[in-house]
Every structure is written in C-alpha cells, then in structure tokens.
Protein chains: 2
Amino acid sequence: MNISEKITAGETTPEDRSLAIREALRNAIIDRRLAPGTKLSENEVGALFDVSRTVARAALQMLTFEGLVKTERNRGAFVSNPTPEEARQIFASRRLIEPGIIAAAVERITDADIEEFRRQLQEEESYMNERGPAARRAEIKASGDFHLMLASVAGNVILQRFMDELVARSSLVIALYGRTGVSSCGHSEHFAILDALQAGDGERAAALMLHHIDHIEADLDLQIKQGLGLKDALTLA
Amino acid sequence: MNISEKITAGETTPEDRSLAIREALRNAIIDRRLAPGTKLSENEVGALFDVSRTVARAALQMLTFEGLVKTERNRGAFVSNPTPEEARQIFASRRLIEPGIIAAAVERITDADIEEFRRQLQEEESYMNERGPAARRAEIKASGDFHLMLASVAGNVILQRFMDELVARSSLVIALYGRTGVSSCGHSEHFAILDALQAGDGERAAALMLHHIDHIEADLDLQIKQGLGLKDALTLA
DNA sequence: ACTGCCAAGATTGCATACGATTTGCACATC
DNA sequence: GATGTGCAAATCGTATGCAATCTTGGCAGT
C-alpha cells in the first residue's frame, strides 16, 4: 500500500481526521491506486496517516457503508471487488436516478454553472489526449466528476449523496471490467448533454444521459469472473 | 430516553453488537419513541445497551450516515430534525426511485411474494382500525414496510438500501409534519398498487405509486417550523 | 441590575491496552 | 511423503483513560 496523499490529507484538517482519511482512501480506490481485494488493515492505515486504529477504523467503517470496501468480521477490511451482478445493479440504479437529476438540473442550471462545466470538459479532454494508465485514471475520475457536478446542480443533497456513491463504485467497476478507449466516446457525450442542458431541452439531455450510461456499461466485459472467489481459484488452479 | 428493546437487541446477536444497537435506535427513531432533537449521548447509549462508548459511537456513526441523527463536533449526536426542505428532497427522491422499483418488481414478483404482500396489508389494516399514538406509529411503520418489501422484490440491493434510508427518513418526516388520518387513504393505495402488480401492469402500478407518494407528501404541513429550533422556542413562549 | 469573564463540570475525540478469534506454520504421526 | 493437530503470530473487537473542547453557573465590575 503506498498512498502518496498521506500528508495532504493529514494537515489541512484541524477537524475530523477520519473524514480526511476516508477521502484519501476513497480517491486511492477509485483511482485504482489501491487494487480491489487489497487488504486495508487498521494498523497499516493508522500508521500511514499517523493516527490510532480508532480513527482508521472509523474511516474504514464509512467506506464500508459506501460499498467501496468490504469488511469481514475478525478478518479485516478489503477494497471491494464488485461482482458483475453488482456492476449491473450499479448501472441500473444510475439509469434510474440520473435522468431525474437531469430533469432537476435543467431547471436550476445557471450560466456560471455552464461555464464551470465547460472548464471541466476541457480538463477531461486534456487527459484524453494523453496515454498511459495514470492519464486513464485521471480521465475516469474527471468523467465521474461531470456526473457529480450535475448532481450538485440538481440541488437535492440526498440524490447527490446517492450519486456520490454510485459514481465511486462505477469508477471501481470501470477500472475492473472496462475495455479500452470508449471513454473518448463518453467525453463527446458529456458535451452533447451539456449542450442540451444549455438549450434547456431536458428531454433530450435525459435521453442522451441514458444513452451515455448504456455506452459506459456496454463497454464493460461483465461475462468473465462470474463466479465467486472460490470458483475463480478452482478454475485457475 | 427509555428504549424497551434493550434486551432484545443485546442478546440475539453474537456478532456485531453495534449493528443491533443501530437497529434498535433506528426503530425507536422511526417509531417516534425518540423525538427529533433528542440528545443521544455516547455514555447514555452505551449504558442502556450495556456496552462501552466505542460500540455506541459506532452505532451513532452509522445512523449519522443514514441521516437519522445529526452529530455536531464536540457536542454530540441528536435525533435528526428534518427541515421542510429536507422533507421535500426526500419525497422528490422517492418519486424518482420508486417507479423504477415498481418496474423492476413487476418483472420479478412471484405468487408467494403477492401472498406475503397481502398479509402485510392485512397487518396495516389491523393497525388502521385502532386509535391512539401507538397504533399510528405502528401504522406508519407498517406502511413503510410495504415500500421496503417492494424494494426487496425488485432485486437491486443498492436501490434497496437507498429505499431503506428514504423510508426511514420519511417516517421521521411524517411523524413530524404529518396531519391526521390520510394514512387510511394510503392503505387503499397500497392495495391498488399490489393489484396492478399482480395484473402485471407495471405502467399502472408506477402511476399509482407516484400518486401515492404525492398523497403522502400532500398530507404534510411543510409551511410552519420553517425556522430553527430557536425560533420555535420563541414563538411557543 | 446588567454585562462580561472565569472556572468547574460534562462530553466528545483520540490513543492505548487487553481479550478473542483467526490464520499460518511447524511438528508429530500414520 | 501426506495429513492432522497444536501452538504462535497477527489482527480484530471492545473497554478504558486522558486530553481537548464545549457548556454552564457564579462572580466581579460597571
């Protein structure tokens, strides 16, 4: 486990450090710096962030709630290893929620928001032109941020939190099951959605969003790894 | 704070006791045995369930994540006191999610499920015929259980968890802002939804569900109590 | 009599300590 | 050589202790 954000997380927060740790681990997980299945021992996490097990434990507990880590009693916490079924449910949930978010966002979005979105899309674009795993991770994250900003604009904090979780888990799934470079497609779709939004055409934006989610999911290879860890081990042996 | 389920929660769980405590507190909150604003001190909770502050704290942390309690740093945890705005967002979220759940449920529901649902509706009915706050609480809970069972049938564990949270918070909101006996209306609506479901008519079931949610929200009085607790105290004085 | 300050009490935040459970390895046995 | 058993290391679950922070009551000064 090597998490470079260690210091970044530990200093700027005079308050709840467990929140900072949660954030750092969260980023590490969705950036895929922490691979699924990685063990997150309380001792280790605590040592890395220079806190006691108590606060490390709290952070892990939060992540467990978000579905990013799975804890087994008396065994420890592990970075979640989503099954294809989970992946399908995640995207099914997104297909349900995101059109609603679009509908709310189209009512509330301001010019300043649109400006901000354009900046965000440019950032995506810049990552898109680079190669290598780091750029790909950054792209996945930036892509997720687009959806998160949308949820933020929609103005429903509950849905926003749901999307927070869904996007994070999606990133994990994409990193796990994603094939190559369809993300470029995703980027242009973000653009189209924003255009529809700017035009005030919620219907079209929602339809585009559904399409977009379909595309993301279609890019996944959810056939393999169907079995559980046990089966995997057996077939691999 | 007097929670009678104390022993029930503490004994049957050889495993994680904090989960049991969370469940007990959860029930107490949505049953309105714990009024919004009630302070939940770690010491007190721990003493009630005969555990240390550590595990009590974990339970409170979980409830905070669910939005049922609010914690203020260095001040403690309090039963959540949803604002009208929060209430609106809760119901907006439900309007978005529940039709989707219906759509999934209509595909997967079995005869056995329908049987189970009928039993559930009968239980609701029995509470409906009684009077008194206890019966009303039980009715609210039973009514929520209907929606939860629906989510369970839909087979998407993520949406199920979202609904878990939304229903719990709805119960709190209804108890806070609800007027009198529109719940009877709600019951018949449950029945109509189940009928549509049994007939395999997802469209109608979804439409009925939307109507149902609208009715529930329409029964709320979300105008008053706009201000914080302070103003409340002042106007009451 | 009212306002501002200070100290005592209470409660949380965090660290550490101890017991329980699991895992892996070594050793004895077949 | 393979297998089963037992011990030891590691890790989690929980309790408790101490420091920091907030609240509250009283006291002095104006």
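Note that the structure is predicted; figures quoted are calculated from it, not measured. Proteins get letters first, then strands, A, B, ... in listed order; numbering begins at 1 in each.
Residue-to-nucleotide proximity on DNA chain D shows that, of R53(B) and R53(A), the 5′-proximal contact is made by R53(A). Take the nearest nucleotide of DNA chain C for N43(B) and for N74(A): the residue whose nucleotide is more 5' is N43(B).
The nearest whole Å value for the distance from the NZ atom in K39(B) to the P atom in dT23(D) is 9 Å. In this structure, F49(A) places its CZ atom 20 Å from P of dG13(C), rounding to the nearest Å. One atom, CD of E42(B), and another, C1' of dG17(D), lie 14 Å apart when rounded to the nearest Å. Atoms CD (E44(A)) and C1' (dC12(D)) sit 14 Å apart, rounded to a whole Å. For R57(A) and dA17(C), the CZ to P distance is 18 Å, given to the nearest whole Å. Here dT23(D) presents its C1' atom at 13 Å from CD of E72(B), a figure rounded to the nearest Å. Nucleotide dT11(D) holds its P atom 11 Å from the CZ atom of F78(A), rounded to whole Å.
With dA15(D), dT11(D), dC14(C) as the candidates, the nucleotide lying closest to the side chain of T54(B) is dA15(D). Of the candidates dT12(C), dC12(D), dG13(C), the closest approach to any side-chain atom of S41(B) belongs to dT12(C). The side chain of R17(A) approaches dA15(C) more closely than any other nucleotide in the set dC18(C), dT22(C), dA15(C).
Look at S52(A) and you'll find a side-chain N or O under 4.0 angstrom from OP1 or OP2 of dA15(C).
With hydrogens and angles disregarded, a donor-acceptor distance shorter than 3.5 Å links the side chain of R179(A) to the backbone of A218(A).
No N or O donor and acceptor, one from the side chain of R75(B) and one from the base of dG13(C), sit under 3.5 Å apart.
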Show your working on side-chain contact (heavy atoms from CB on, under 4.5 Å) between I102(B) and L150(B) and close with a plain yes or no.
CA-CA 7 Å; I102(B) 290 272; L150(B) 220 44; 3.7 Å; yes

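For the pair R169(A)/P82(A), no side-chain contact is recorded, criterion being any heavy-atom separation below 4.5 Å from C-beta on. Inter-residue side-chain proximity for R57(B) and L60(B) is flagged as unmet; no heavy-atom pair is nearer than 4.5 Å.
Below 30°, between 30° and 60°, or above 60°: for F146(B) and H190(B) the angle between ring planes is below 30°, a parallel geometry.
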